[in-house]
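As the structure lists them, so they are numbered: ligands from 1, and atoms in each ligand from 1.
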Amino acid sequence: MTRKEGVVLQGTGGVWHVRADSGETHEASLRGRLKQERKQDRKLAVGDRVVLEIDERGEHWAIDEILPRHSKLARREPGEGQGERIVAANVDQVVVMFALVKPEPHLRMLDRFLVIAEGNDLPARVIVNKVDLADLDEARERFRAYENAGYPVNYTSVKTGMGLSDLQAAFTDRRSVITGPSGVGKSSLLNALFPGSGLRVGAISESVNKGRHTTVGALMLPLAGGVGFVIDTPGLREVGLWSLPPEHLDRCFPEIRALSAQCRYADCRHVSEPECAVRAAVAAGTVSDARYDSYLRLLEELKAG
Ligand code: GDP
Ligand code: ZN
């Protein structure tokens with residue numbers, strides 16, 4: 001019986017698209033015994049590595065085994081339950097993309113995405129695109145807080161090609177979840193970096209809309225040349241911070257995390273406690289007001305449950 005390993009690209013209505021390591025893509029169903037797995041962490045997700053097996057007649061492929069995953073990006077299962085849904089498995093990094101203008105960047109959303117990445121123990125990168133439409137120094141000023149916090153920030157223009165060569169390496173041989181509002185240039189960027197991937201302008205945003213109706217809510221896009229995958233996650237905006245206890249939020253802001261050991265109280269939440277190193281840094285201007293404000297808002301949200 002033929003068996004081969006591959007990666008799950010997408011799943012809709014019980015049909016899974018699996019790209020075998022040898023390059024071809026098969027539609028496959030999940031073996032009944034795997035379907036019955038009740039344990040959430042064993043549910044099949046986009047990005048999972050699986051073993052495929054073909055039936056005796058050589059017609060139908062089935063997913064016979066789900067291989068262990070090394071990381072995941074999870075969100076709360078819609079509805080009342082406590083369960084989680086794995087948005088993507090085996091993710092190496094989260095790339096959050098904005099445009100400098102058209103549309104205006106939404107920095108609170110950026111902070112939320114970065115917390116989600118930190119909460120899932122995934123490294124994050126920020127891309128600021130469309131720098132051809134505005135002043136680069138101004139752009140650097142606007143995103144300085146993220147560089148100061150230690151995030152790699154890439155300034156790009158897919159239109160002029162600026163900054164693209166630096167980015168290529170960041171995407172190569174890595175599984176990336178690329179996220180960001182529609183219209184910022186995600187499809188254009190991937191097309192420019194990996195010509196031949198067959199992404200049209202707008203392709204990612206369209207797949208996001210389609211993704212709402214798929215069972216898994218994510219889609220992997222194999223990039224030309226076998227250099228890695230990009231997972232487009234419709235639901236990342238809805239990825240709650242639910243699994244994060246409020247007292248762990250400060251660990252998800254690197255610049256706050258770096259200071260919290262210097263606070264007077266070991267359990268300082270950096271809100272109104274005396275001798276708080278974080279508030280002192282905000283007052284001194286070394287931690288950005290806007291980032292601190294995002295921290296406070298997210299803290300309220302987590303406390304409210
Ligand atoms: P997505 O929804 O994030 O995938 O964005 P698209 O790749 O579909 O791009 C949205 C629009 O922005 C298209 O009209 C692109 O041609 C345009 N665009 C993408 N990158 C740039 C850029 O660097 N500069 C300018 N001026 N326009 C861009
Ligand atoms: Zn403090």
Which of the ligand 1 atoms, numbered from 1, are nearer than 4.0 Å to a heavy atom of Ser182: 2 (O)
Under 4.0 Å from any heavy atom of Ser157, which atoms of ligand 1 are there? 23 (O)
Nearest neighbour of atom 17 (C) of ligand 1 from the list Lys102, Lys186, Met97, Lys130, on a heavy-atom basis: Lys130
Residue-level breakdown please: for Asn129 versus ligand 1, do any non-hydrogen atoms fall below 4.0 Å on the side chain, on the backbone, on both, or on neither? side chain
Counting from 1 in the order shown, the ligand 1 atoms closer than 4.0 Å to a non-hydrogen atom of Ser188 are 6 (P), 7 (O), 9 (O), 15 (C), 19 (C)
Check this for me: does any side-chain nitrogen of one of Arg269 and Glu247 sit under 4.0 Å from a carboxylate oxygen of the other? no
Asp132 side chain vs Ser157 backbone, donor-acceptor pair below 3.5 Å: no
Ligand 1 atoms in contact with Lys159 (distance to a heavy atom under 4.0 Å): 22 (C), 23 (O), 24 (N), 25 (C), 26 (N)
Side-chain donor/acceptor of Asn90 to backbone N/O of Gly47, under 3.5 Å: yes
Salt-bridge criterion met for Arg31 and Glu53 (N-O under 4.0 Å): yes
Determine whether the side chain, the backbone, both or neither of Val184 has a heavy atom under 4.0 Å from any heavy atom of ligand 1. both
Members other than Tyr265 in its cluster, when Ile, Leu, Val, Met, Phe, Trp, Tyr link by side-chain heavy atoms under 4.5 Å? none
Test item: Thr160 side-chain N/O and Met162 main-chain N/O as donor-acceptor pair under 3.5 Å: yes
Distance-only, no hydrogens or angles: does the Lys72 side chain make a donor-acceptor pair with backbone N or O of Asn120 under 3.5 Å? no
Any heavy atom of Leu189 under 4.0 Å from ligand 1? The part involved is neither
Ligand 1 to Leu133, heavy atom cutoff 4.0 Å, flagged ligand atoms 26 (N)
Geometric N/O contact Asp132 with ligand 1, under 3.5 angstrom: yes
Less than 4.0 Å between a side-chain N and a carboxylate O, is that true for Glu24 and Lys4? yes
Given side chains that start at C-beta, do those of Cys263 and Val278 come closer than 4.5 Å, heavy atoms only? yes
Pull up every protein N/O/S atom sitting under 2.8 Å from the Zn ion (ligand 2), skipping waters. Cys263 SG, Cys268 SG, His270 ND1, Cys276 SG
N or O pair under 3.5 Å between Ser187 and ligand 1: yes
Other residues, nucleotides, ligands: >12 heavy atoms within 6.0 Å of Glu56 CD: no
May I ask you to say whether Arg279 pairs ionically with Glu273, meaning some side-chain N is under 4.0 Å from a carboxylate O? no
Under a 4.0 angstrom heavy-atom cut-off, which atoms of ligand 1 come close to Gly185? 1 (P), 3 (O), 5 (O), 6 (P), 7 (O), 9 (O), 19 (C)
What about Val158: any of its N or O atoms under 3.5 Å from an N or O on ligand 1? yes
Trace of the side chain to side chain donor-acceptor pair (under 3.5 Å) decision for Ser294 with Arg108: CA-CA 6 Å; Ser294 282; Arg108 282 198 196 290; 3.2 Å; yes
